[in-house]
Amino acid sequence: MTERKSFCRICFGTCGLIVKLDDNARVTSVRGDPDHPLTSGFACSKGVTSGELHNSDRRLLRPLKRMPDGSHAEIGIEQALDEIAERLKASVAAHGSNSHAIYQGMGGSLNAAVRVVLRGWLNAMGSTSYYSSMTIDQSAKWVSFERLGMWAAGNTPFDTADVWMGFGFNPLVSVSGALSGFNNYNPVARLKAAKARGAKIIVIDPRRTETARLADIHLQPIPGEDSAIAAGFLNLALSEGREDSEFCAAHAEGLDDLRAAVAPFTPAHVAARAGIDEALFREAADIFFAAKRGGAFTGTGPNMATGSNLSQHLIDALNVVCGRYPRAGDAVPNPGVLGPRKPVHAEAISPGRSFERNGMLFGQKMTGALASAITGPGPDRIRSLIVVGGNLVSAMPDQARSIAALSGLDLLVTIDPQMNATARLADYVLPPRLMFERDDMTMVHNERNYFPAPFAQYAPAIAAEPEGAELIDDHALFWGLAKRLGLTLDYGGQALDMGACPSGADLLAITAAHSQIPFAEIKAREGGAIWPVQPQIVEPARPGAGRFQLLPPDVAEEFAEMARGEPVDPAYPFRLVVRRMREVMNSFGRHIPSVQRRKPENRLQLHPDDLAALGIETGEQVMLRSAHGAIPATVETDDTLRPGTVTLTHGWGELPGDRDAIGVAINRLTDAGDTVERINAMPRFSALPVRIERCAA
């Protein structure tokens, strides 16, 4: 037996791991690395069970091709690439370059070379059809950047915050808070340390989550009222003179318009509308306003719920109004390691509103509208699609329509280690090397925001591939297709040699070509390090810097709609909210044996009072019905829920009719029309009106 250090690439927690290998370099166990500079031995259950995926009997070891009868048969990798290239060439020739699309799921998001390869591939193909899980998960954050603006120096680091307020965000389970102002690394220890130094924690969530149990204040609202609560906080700040008027005068526009818009959202009105205690709401506001550092942030709760773009905008606007950002002279916690050194200024970046020019967000098209892009008219109709580490059947709204769209493509290729629902529809399924079988490193992209210190880690391949396997690195697929199509693949501005496929290590060296620490040193340090890069401070704003836009016309229109309120349909008396399971990341991990033993199904949870009122017993099967569809579910109680709220984990489910799809595919309850956000086509997965019906025998 030997032990090697690595890190987890299932979520953005990137926990340090110790991997035990047998004499054949086969993974036998995984545990947290006690010497890891950030996670200090912590690793969630997803990371600890990751070795089981390497050895799973469900793991695909050879490429598969869909046969005329719908079954899949093994095929050699070179033959598969030959056939894919020929079919792709014919499809693009007939329909144009934008008819070819890429979808990058979470399984491809933490592969340091993939993001760069995908951009290079689409550029070589002449396509702009890039989709990812970001636009079906938390894209309201991107919309807010594009309509409100952003602060060039980033958010106040959690480890120095006096207050942290989280809307619908449970980092003690998700372990993935880089986009939500939380320190991902060993989250329970970080949260307890923050409280020990006097930081105040406020949680706003319809469920008393694991994070809420450690909070100083927990507001438990009716689902979908995040915008109203944020408006209430803004009203108190702007009506009681508790805003940072100097910061707003220097960096923001529209303060008076915002003040007038939120004026009706008094504490009494917010308490009545959101179903929260008025005194507790005022106490939370007093704590937030009294603090000097920190901020308000969101998770998937508000970002998947009603009016997600507006709620994200108002919560971000609260940080602007209160001036909750680093200032000139503050230390930059992470000047970066793998990327080049760049100056950081205490200035706003004006809204870009790129969606008005090209219908895209940060260079990506909207995954919620992908089915329409496949089936709809127009010259850019999608005809071929490569899915990199994702499961669109579980991700897109209106599952039946999504399945029909994916089934009608000229060509569907998936890269996935298991036969998930999307792979079962694919023409070709290519099995990748898993994380302990490939070279990788922590992400260069956005490393300053993901890590609270200048940390970087290189993880060499340490596990042997299973005997008889024919696997492919994600980047090798696109290099191989480019070679067959006579294209030169660009990687981060460097044209790759199309005579010999580069290794993953070769690409990582290109990625880190401008690292602030010699790349050879980073590779040689097993387990990673917080590197001694030159300290950096936030510099003053430059002349002509941008300004936040607190209430642009489209936000004002959405605000007016929200202020009128959503009519309550008595036919659907409950509100469904989505949650995360500790053991599962979106659709990943459900079939790991130890996970199946602990969580064999995704149960519908209700408050005990609601269960009693319905006359339903724990373990009974019911139908959960929305205005769009219905799914069967097995019920159980959860006294941490607000009464009137029910919850399921998103990302579960197989194809319709499969036994293990019982009660789990929440996208069968959603449509792709009137319950999506206008800019980013984000469906309403949470705060969804539903009713519960008893089943026949």
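Side chains included, hydrogens not; waters and symmetry mates left out as well; all remaining heavy atoms used. In this chain, numbering begins with 1 at the start of the sequence shown.
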Q) Are the side chain of D473 and the backbone N or O of A476 linked by a donor-acceptor pair below 3.5 Å? A) no
- Query: Are R684 and E677 close enough for a salt bridge, meaning some N to O gap below 4.0 Å?
  - Reply: no
Self-check item: Test item: D439 side-chain N/O and G504 main-chain N/O as donor-acceptor pair under 3.5 Å
Solution: no
Closest heavy-atom pair, M396 versus N667, reported as atoms and distance to 0.1 Å, is O-ND2, 2.7 Å
- Message: Could you go through T14 and Y450, starting from their C-alpha distance and side-chain angles, then the distance that decides it, and tell me whether this counts as side-chain hydrogen bond (donor to acceptor under 3.5 Å, both in side chains)?
- Response: CA-CA 10 Å; T14 55; Y450 286 138; over 6 Å; no
Test item: D506 side-chain N/O and S503 main-chain N/O as donor-acceptor pair under 3.5 Å | yes
In this structure, OG1 of T306 is separated from CG of L688 (nearest 0.5 Å) by 8.0 Å
Exercise. Quick one: do E636 and L604 satisfy side chain to side chain contact (heavy atoms under 4.5 Å, CB included)? Show the steps, please.
Key: CA-CA 6 Å; E636 67 181 15; L604 176 70; over 6 Å; no
_S139 side chain to W142 backbone, donor-acceptor under 3.5 Å_ = no
In T670, V690, T645, I692, the residue satisfying side chain to side chain contact (heavy atoms under 4.5 Å, CB included) with L576 is V690
**OP:** Flag the pair R66 and D427 as a salt bridge only when some basic side-chain nitrogen lies within less than 4.0 angstrom of an acidic carboxylate oxygen.
**Re:** no
- Do Y131 and Q364 have side-chain N/O donor and acceptor atoms under 3.5 Å apart? no
Next item on the list: Determine, step by step, whether S354 and M360 satisfy the side chain to side chain contact (heavy atoms under 4.5 Å, CB included) criterion, reporting the C-alpha distance in whole Å, the side-chain angles of both residues, the deciding distance to 0.1 Å, and the verdict.
Entry: CA-CA 7 Å; S354 63; M360 301 172 75; 5.6 Å; no
Minimal heavy-atom distance between H100 and S127, with the atoms involved, is O-OG, 2.7 Å
*Between S402 (side chain) and P397 (backbone), is there a donor-acceptor pair under 3.5 Å?*
yes
How about S394 and N391: does a side-chain donor come under 3.5 Å of a side-chain acceptor?
yes
Would you say the side chains of T367 and T135 form a donor-acceptor pair under 3.5 Å? yes
Tightest non-hydrogen contact, residues L434 and P417, listed as CD2-CB, 3.7 Å
When you check the side-chain N and O atoms of S372 and R401, is any donor under 3.5 Å from an acceptor?
yes
Under 30°, 30 to 60°, or over 60°: which ring-plane class applies to F145 and F362, parallel, tilted or perpendicular? perpendicular
Open item on the list: Looking only at the aromatic ring of each residue, does the gap between the centers of H475 and W121 stay below 6.0 angstrom?
Closed with: no
Of all heavy-atom pairs linking L385 and L406, the shortest is CD2-CD2, 3.8 Å
Could you go step by step and tell me if T634 and E620 meet the side-chain hydrogen bond (donor to acceptor under 3.5 Å, both in side chains) rule?
CA-CA 6 Å; T634 304; E620 187 174 337; over 6 Å; no
**OP:** Without swapping roles, check the side chain of R381 against the backbone of I374 for a donor-acceptor pair under 3.5 Å.
**Re:** yes
- Distance under 6.0 Å and angle within 45° of ring axis: R9 vs F7: yes
(request) Return yes if some donor-acceptor pair links the side-chain N/O of S308 with the main-chain N/O of M304 below 3.5 Å, else return no. (result) no
Exam field: side chain D638 to backbone L606, donor-acceptor pair closer than 3.5 Å:
no
Partner of D82 under salt bridge (charged side-chain N to carboxylate O under 4.0 Å, His left out), picked from K65, K483, R484, R87, is R484
> Are the side chain of R575 and the backbone of Y572 linked by a donor-acceptor contact shorter than 3.5 Å?
Replying inline: yes
| query | Salt bridge check: are E437 and R59 linked by an N-O gap of less than 4.0 Å? | reply | yes
| query | Side chain of D137, backbone of S133: donor and acceptor closer than 3.5 Å? | reply | no
